[in-house]
Amino acid sequence: MHDLRTLRDNIETLREGMRRRGKLAQYAPAIDRAEALESGRRRLIAQVEEKKAARNANAQEVGRRKRAREEAGELVARGRVIGDEIAAIEGELGGVEAELGEILLGIPNLTLPEVPAGDESHNTVVRSWGIPRAGAGVPPHWETGAKLGLLDLERGAKVSGSGFIVYRGMGARLQRALMNFFVDLHTREHGCEEVWVPFAVSRASMVGTSQLPKFEEDMYALRDDPLYLVPTAEVPVTNLFRDEILEAADLPRALCAYTPCFRREAGSAGKDTRGLLRVHQFDKVEMVRLATPETALDQLELLTGHAERLLQLLGLPYRVVLLAAGDTGFGSAKTYDLEAWSPGTGTWLEVSSCSTFGDFQARRANIRYRPAPGEKPRFAHTLNGSGLAFPRTVACLLEHHWHDGRVTIPDALRPWLGADALG
RNA sequence: GGACAGGUGGCUGAGUGGUUGAAGGCACCGGUCUCGAAAACCGGCGUACCGGUAACGGUAUCGAGAGUUCGAAUCUCUCCCUGUCCGCCA
């Protein structure tokens, strides 16, 4: 969410930000409307506060006269009139604030200057690691997964519907291995505190990290309770600190959590849906960091490096892509996608997305820190990145390490899986 | 799910519907005293928003929201949360 001050003093930067995302036409009406509402809001506040001052003074005088046993009838009548006027103005103000708040929640974050303007065709590969394997002769992961008895897509569909996966045998065990491998590495070597969080969260939490109100149709909502299944651990973990004031000495703060992730994937039906490429429920270990504005960008590099390290240990070639403004997520100010090579499908698969949100989420979730004892709190910066999402990582493992029907398990993962090959 | 009991400032803890933004205490900051410190004493000590260059003025804020009233921390209703007991349950 943007600061109301931006609306007043810097509205051109807001327009420029939307232009860089290639979405000025989409958001210009909202920005114009918000600007008008904000000036109206201030006018109404001035009016209503003036009336309230009059009401308070009047009520005080009534009290004084009653104590002095003087006549106060005409003041009581006057108070009644003022009260009616206040109610009228407040009604109008309430409407303005409700609409303004709704608009503000729906405007995406500004991207940082180093983020390329334009749509995804302006995404930039900033570095890569490993040598992508030629695809010839490498079966796609869904074939290997089925042949080795690791995946059961048909029964997943039977139990829940398409996009829900059943893992069996060593395939199931691989999920547990990845969870423990990732979390242990982050806690032991990347300075993260491990947390285990609720998988269903309140609406307020979803608004805090900016999934709502804009992306309601992508979320699974529970029928009888005002709760949503988490689309990513980012939501419960970041919201751990909602409405809190942290000490600067505690920043940067790093956490990680395993959660399942639930996504309706509305609007993406038919795209990349084979095998494990796009599913409604998947598992992921997420890293979340809270930082001061001064250190946030360094923290983003650090976080991205931690995710990269996992791919290196898994021996999976990947590239790091700086997303262009138009491809950067709603709340993000700067995002690196990590794309691992899938020889079986001949594509790069997004296995991690590492972002800094600036103070965009912190303002929504009211997450602040005190720069020094006695100083005023400021909004913290929030960051997060996958480390890593399981399904596409598994897909790449099953393809990149496939040799003559067997899948070699990378050394780093063997202790966790308890096997050095599948098949 | 049921029955009680509670939610007041950084903490603690008062608060008969009328100068209560809120006593007292603790903590914190400044000062006096002292060679220095402690103690004692004196003073200060929330946040957000609106207007103003500023000084300053105003509004809101006692879990949240609605209501009664000229006026609500105080009365009414709804909701949330916490505690205790009971029931149910992995």
Side-chain angles (χ1 to χ4, degrees), chain A residues 1-11 34-105 196-208 212 221-228 236 239-251 260 359 362-380:
Chain A
M1 181 161 68
H2 297 285
D3 195 341
L4 278 178
R5 255 179 278 275
T6 308
L7 226 44
R8 297 212 290 267
D9 308 333
N10 256 325
I11 194 148
E35 186 180 27
L37 287 169
E38 164 58 9
S39 72
R41 185 185 77 98
R42 276 188 298 163
R43 196 187 68 244
L44 291 169
I45 286 175
Q47 285 176 17
V48 80
E49 289 191 349
E50 191 183 327
K51 294 287 182 194
K52 282 182 175 178
R55 177 198 65 190
N56 291 349
N58 186 66
Q60 209 151 85
E61 177 61 14
V62 172
R64 194 195 64 73
R65 288 200 189 177
K66 293 221 165 169
R67 275 195 305 279
R69 299 176 197 235
E70 296 171 11
E71 176 55 38
E74 84 280 10
L75 290 186
V76 169
R78 184 166 158 245
R80 207 168 290 153
V81 171
I82 298 174
D84 289 345
E85 291 171 342
I86 290 173
I89 301 171
E90 278 190 332
E92 194 181 344
L93 180 61
V96 167
E97 289 189 326
E99 187 185 349
L100 181 58
E102 201 170 315
I103 289 174
L104 237 38
L105 287 175
W196 192 277
V197 291
F199 301 157
V201 298
S202 67
R203 190 176 172 85
S205 289
M206 293 289 256
V207 171
L212 293 183
L222 302 194
R223 193 193 61 191
D224 291 331
D225 295 287
L227 292 171
Y228 296 82
N239 276 285
L240 249 26
F241 303 99
R242 197 172 72 229
D243 295 322
E244 293 196 17
I245 299 175
L246 307 162
E247 293 306 319
D250 295 334
L251 299 178
D359 63 9
R363 182 169 279 114
R364 290 174 164 239
N366 192 28
I367 301 172
R368 294 174 293 171
Y369 74 101
R370 204 178 293 283
E375 279 189 44
K376 283 176 63 162
R378 300 169 62 192
F379 288 113

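Remember, predicted model here, so these are calculated numbers, not experimental data. So that the names make sense, note that chain A is the first sequence line, chain B the second, and so on, each numbered from 1.
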> Taking CZ from R42(A) and C1' from A48(B), how many angstroms apart are they, rounded to a whole number?
Replying inline: 16 Å
> Whole Å only: how far is the NZ atom of K51(A) from the C1' atom of G71(B)?
Replying inline: 18 Å
>> Restricting to side chain to side chain contact (heavy atoms under 4.5 Å, CB included), what partner residues turn up for R42(A), sequence neighbours left out?
In response: R8(A), E38(A)
>> Any base atoms under 4.0 Å from R203(A), or only sugar-phosphate, or nothing? Heavy atoms, all strands.
In response: nothing
> Under 6.0 Å from the CD atom of E50(A), do we count more than 12 heavy atoms belonging to anything else shown?
Replying inline: no
> Taking the same atom, P, in C29(B) and in A38(B), what whole-Å distance lies between them?
Replying inline: 11 Å
Polar atom pairs (N or O), protein with nucleotides 67-70 of chain B, under 3.5 Å:
unit_1	atom_1	unit_2	atom_2	d
C70(B)	OP1	R80(A)	NE	3.3
C70(B)	OP1	R80(A)	NH2	2.5
C70(B)	O4'	V76(A)	O	3.1

>> When the C1' atoms of A64(B) and C89(B) are compared, how many Å lie between them, rounded to an integer?
In response: 31 Å
> Which heavy-atom pair separates L227(A) from S202(A) by the least distance, and what is that distance?
Replying inline: CD2-N, 3.8 Å
>> Determine whether a donor-acceptor pair (N or O, by modelled atom type, separation under 3.5 Å) exists between the side chain of R65(A) and the backbone of E71(A).
In response: yes
> How far does the C1' atom of G65(B) sit from the matching atom of C26(B), given to the nearest Å?
Replying inline: 34 Å
> Just how far, in rounded Å, is P of C50(B) from CG of L44(A)?
Replying inline: 14 Å
> C1' atom, U32(B) versus U69(B): distance in rounded Å?
Replying inline: 50 Å
>> How many whole angstroms separate atom CZ of R370(A) from atom P of C28(B)?
In response: 16 Å
> Between E49(A) and K52(A), is the closest basic N to carboxylate O distance under 4.0 Å?
Replying inline: no
> With respect to the phosphate group of U19(B), does any side-chain polar atom (N or O) of R65(A) fall under 4.0 Å of OP1 or OP2?
Replying inline: no
> Expressed in angstrom and rounded to an integer, what is the separation of R43(A) atom CZ from C49(B) atom C1'?
Replying inline: 18 Å
> Counting only heavy atoms not in E70(A), do more than 12 fall under 6.0 Å of its CD?
Replying inline: yes
> Starting at CD of E49(A) and ending at C1' of U59(B), how long is that distance when rounded to a whole Å?
Replying inline: 4 Å
> What pair of heavy atoms forms the shortest contact from I367(A) to F241(A), and how long is it?
Replying inline: CG1-O, 3.4 Å
> Pick the nucleotide of RNA chain B nearest each of E50(A) and P377(A); which residue has the one closer to the 5' end?
Replying inline: P377(A)
>> Can you check the distance between G87(B) and U68(B), where both ends of the measurement are the P atom (answer in whole Å)?
In response: 43 Å
> Considering residues at least two apart in sequence or located in another chain, which fulfil the side chain to side chain contact (heavy atoms under 4.5 Å, CB included) criterion with A248(A)?
Replying inline: Y369(A)
> Using the P atom in both, what is the distance from G30(B) to G46(B), to the nearest Å?
Replying inline: 16 Å
> Looking at R363(A) and D359(A), does any basic side-chain N land under 4.0 Å from a carboxylate oxygen?
Replying inline: yes
> Of all heavy-atom pairs between P377(A) and I245(A), which one has the smallest distance, and what is that distance?
Replying inline: CG-CD1, 3.9 Å
>> Could you tell me how far apart L93(A) (CG) and U59(B) (C1') are, to the nearest whole angstrom?
In response: 12 Å
> Could you give the CD1-to-P distance, from I86(A) to U59(B), as a whole number of Å?
Replying inline: 10 Å
> With pairs taken as Watson-Crick or G-U wobble and both distances under 3.5 angstrom, which stems of at least three consecutive pairs involve RNA chain B?
Replying inline: B:1-7 with B:80-86, B:10-12 with B:24-26, B:28-32 with B:40-44, B:46-51 with B:56-61, B:63-67 with B:75-79
Pairs: protein N or O with nucleotides 73-78 of chain B N or O, under 3.5 Å:
none

> Distance from D84(A) atom CG to K51(A) atom NZ, nearest 0.5 Å?
Replying inline: 11.0 Å
> Taking the same atom, P, in U12(B) and in G83(B), what whole-Å distance lies between them?
Replying inline: 15 Å
> What integer number of Å spans the P atoms of G63(B) and C11(B)?
Replying inline: 13 Å
> Where is the tightest heavy-atom contact between V96(A) and L44(A), given as atom of each residue plus distance?
Replying inline: CG2-CD1, 4.0 Å
Atom pairs, N/O to N/O, protein against nucleotides 61-66 of chain B, distance under 3.5 Å?
none

>> By the 4.0 Å heavy-atom rule, please label R5(A) as base, sugar-phosphate, or nothing.
In response: sugar-phosphate
>> On a heavy-atom basis, which atom in P236(A) and which in V201(A) lie closest, and how many Å separate them?
In response: CB-CG1, 4.1 Å
> Quick one: is A60(B) close enough that its OP1 or OP2 comes under 4.0 Å of any side-chain N or O from N56(A)?
Replying inline: yes
>> If we ignore hydrogens and angles and just use 3.5 Å, is the side chain of N58(A) paired with the main-chain N or O of L75(A) as donor and acceptor?
In response: yes
> Between R55(A) and I82(A), what is the shortest heavy-atom contact and its length?
Replying inline: CB-CG2, 3.9 Å
